[in-house]
Amino acid sequence: MEKVLKRCIHTKRYLNEVYIEVRKQDFQDACIDLYQNGAAILRVMFATDERQIDGTFKIYAVFSMPGRDEFFVVYISLEPDDLSFPALTYNIPAAHWYEREIHDMFGLVPEGHPDLRSLVFHDSFPPGSHPLRKDWTIKESDLREWGEGVLKKQPYDFMEVAGEGITEIPVGPVHAGIIEPGHFRFSAVGETIFFLEPRLFYTHKGTEKHFETLGFSEGIKLAERVSGTSSFSHSSAYCMAAERIAGIALTEKAKAVRTLLLELERLYNHIGDIGNMCAGTGLAVGYAKGAVMKERLMQLNERLTGSRYLRGINTIGGVSRDIMLMRDDIMTVLDTVTGEYKAFMKLLLGNVSHRERIESTGRLSRAIALRLGVTGVTARASGINDDIRRAHPHLLYDRLNFETHTTAKGDVFARMMVRAEEAECSISMVHSLFESSYSGGLTADRKEMPALCSALGYTETPRGSVFYWVKSDEKGGLFRVKFRSPSYCNWPAVPFAVHGNIVPDFPICNKSFNLSYSGCDM
């Protein structure tokens, strides 16, 4: 840390965020010093167009270190006449998608990046368009060129594997069922996967650009719709960032409600995900039982909040309903689900054919998981003890007694068991939350948003950590919202997990990660 501070030209602290400005030529070294010497985790990396404020673009890299409830935000300013910056990817592989996204959305150039193919844009997107620049608008020429762009640009270059016996198998982007589009290009020897390259962002929605047209309160609804199964987690992280900007302290009651709903969201997702994994092994009864329990919990969600996906509850400064008053309904459903869940797991663990399909399948090593910065169940199943509820306690998590469940196996079975243990933990936490009473109302007093202030918001979704970085403009409106979903971190790890497995096992591997397309295609 001392090395980093020596390079800094300006530093400021806000709550548990330490902002460290360095010169462009020192950016790479400062980030590497944090990453290597402090074993820091790159949580998110992004750019902003601040030309209307101080005439520059800025690059931010947010790190945190195990055992410290602090975030170190290293940033640089780029003048409009020199839009390059030193790439981090060679030394910090977790930066590779962030830097490609910055190149697409802002036109800033990470010098030394090994792969600057377009990440977000597909062939039909107008060349030279960088939508997150403040002065970007859709022009008539763009509209004319939109569908013609594919004729003007070279087709996307998938990586090719040369050698005797290599067969390419394209899968997608359109899939059976109702899942969203994603293309998977396999290079296989017989049935064995030698290499996989996924291509996503077919459903890119321009969400971060859309945030800039909304007010702070309107932004909650948009955050809730980034990823349906993590709606409450996303809105909680967004509200947390806004509350930190405004200096709003939540009441105990509001913290309790948010904590409770976060754990109910985790519970219905984990049980549903375990059931979905059974579909990959052909265990139809397991899939059906998981779906029944998930449906029971989602019906509870609707009774509690009016939404199966827990939308419409979060507000900046608190929550709109006192869910704690519905204790009897919650506990009745939990008692039923707990009994069904125990029988469900006994069935799965006692089924030899199911276990044989998932043990030693889709193994992701701890070393690769660390280098790629994976998060959530995927990380913990590969031996990485990282959970935002523990690493950066918020809401009432510092009062709850719970363990971070990890295992070193890194295979499909490990990811199933981490979910299973966390589901039991969520049930226990819900019980614990009802053992106390909580002071205060549902919302704290609303305050005006200060101008040109920024803050992080975060929580642990069922898939892993989600981060929101929010900055206000000169009038206290929304200037920039950057969010990073867990799927964005974890998709790049899938090719490493499936290497050496057979093609028919790809669906099982994929279901064990259970990543969102929509949550990634922001």
Side-chain angles (χ1 to χ4, degrees), residues 16 39 41 43 64-70 230 232-233 236-237 255-256 258-274 277 293 297 330-331 334-335 337-342 344-346 348-349 358-359 364-366 369-370 373-436 458-467 486 489-490 512-514:
N16 62 346
I41 301 168
R43 295 296 187 182
S64 69
M65 297 181 184
R68 297 176 67 168
D69 182 20
E70 289 181 299
S230 299
F232 194 78
S233 298
S236 294
K255 289 180 180 180
R258 278 195 191 168
T259 306
L260 173 65
L261 291 178
L262 284 169
E263 292 311 311
L264 288 177
E265 183 175 73
R266 190 178 330 280
L267 181 61
Y268 91 75
N269 273 281
H270 279 351
I271 289 177
D273 292 346
I274 294 170
M277 290 166 66
M293 285 184 284
L297 290 164
I330 294 171
M331 299 310 293
L334 278 192
D335 288 345
V337 168
T338 299
E340 293 174 338
Y341 173 74
K342 289 180 178 178
F344 174 62
M345 289 308 301
K346 185 177 181 181
L348 300 191
L349 295 175
I358 62 177
E359 288 182 330
L364 180 68
S365 73
R366 184 177 188 275
L370 276 172
V374 303
T375 183
V377 167
T378 302
R380 294 189 285 276
S382 293
I384 300 171
N385 189 350
D386 180 50
D387 186 321
I388 292 298
R389 297 173 296 172
R390 278 282 192 209
H392 303 282
H394 53 287
L395 300 178
L396 295 185
Y397 286 114
D398 56 345
R399 301 187 192 178
L400 294 171
N401 183 23
F402 67 98
E403 296 180 17
T404 300
H405 297 283
T406 61
T407 178
K409 291 183 177 180
D411 57 6
V412 173
F413 180 77
R415 291 187 280 276
M416 182 184 80
M417 292 310 298
V418 168
R419 284 189 177 93
E421 290 164 345
E422 289 187 1
E424 290 187 25
C425 188
S426 290
I427 293 171
S428 175
M429 280 195 272
V430 171
H431 281 272
S432 296
L433 285 167
F434 281 115
E435 291 174 358
S436 302
Y458 43 86
T459 195
E460 186 77 16
T461 81
R463 293 187 175 98
S465 61
V466 63
F467 280 86
C489 292
N490 291 350
S512 73
F513 279 82
N514 185 38

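Bear in mind that the values here come from a model prediction, so they are computed numbers and not experimental data.
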Student: Report the C-alpha distance between Leu264 and Phe232 in whole Å, list the side-chain angles of each, state the deciding distance to 0.1 Å, and finish with yes or no for side-chain contact (heavy atoms from CB on, under 4.5 Å).
Tutor: CA-CA 10 Å; Leu264 288 177; Phe232 194 78; over 6 Å; no
Student: If only atom types and distance count, is the side chain of Ser426 paired as donor or acceptor with the main-chain N or O of Leu267 below 3.5 Å?
Tutor: no
Student: Please report the interatomic distance CG(Leu396) to CZ(Arg389), rounded to the nearest 0.5 Å.
Tutor: 13.0 Å
Student: Examine distances only and state if a side-chain atom of Tyr341 and a backbone atom of Ala420 form a donor-acceptor pair shorter than 3.5 Å.
Tutor: yes
Student: With no hydrogens and no angle check, is any side-chain donor or acceptor of Arg463 less than 3.5 Å from a backbone partner on Asn514?
Tutor: yes
Student: Under 4.0 Å between a side-chain nitrogen and a carboxylate oxygen: does that hold for Arg43 and Asp386?
Tutor: yes
Student: Look at the side chain of Glu265 and the backbone N and O of Ser233, then say whether any donor-acceptor pair between them is shorter than 3.5 Å.
Tutor: yes
Student: For Glu359 and Phe413, indicate whether the former's side chain and the latter's backbone hold a donor-acceptor pair under 3.5 Å.
Tutor: no
Student: Fit a plane to each ring of Tyr458 and His394, take the angle between them on a 0 to 90° scale, and name the class: parallel (under 30°), tilted (30 to 60°) or perpendicular (over 60°).
Tutor: perpendicular
Student: Donor-acceptor check, side chain of Arg266 to backbone of Cys425, threshold 3.5 angstrom: yes or no?
Tutor: no
Student: Is it the case that the side chain of Thr375 and the backbone of Gly464 share a donor-acceptor pair, with hydrogens and angles ignored and the cut-off at 3.5 Å?
Tutor: no
Student: How far apart are the C-alpha atoms of Ile358 and Arg415, what are their side-chain angles, what is the distance that settles it, and do they pass the side-chain contact (heavy atoms from CB on, under 4.5 Å) test?
Tutor: CA-CA 10 Å; Ile358 62 177; Arg415 291 187 280 276; over 6 Å; no
Student: Please confirm whether the backbone N or O of Arg419 pairs with a side-chain atom of Arg380, one donor and one acceptor, at under 3.5 Å?
Tutor: no
Student: Identify all side-chain donor-acceptor contacts of residues 400-409 below 3.5 Å with residues at least two apart in sequence or on another chain.
Tutor:
none

Student: Taking the side chain as everything from C-beta on, heavy atoms only, tell me whether Asn269 gets closer than 4.5 Å to Glu422.
Tutor: no
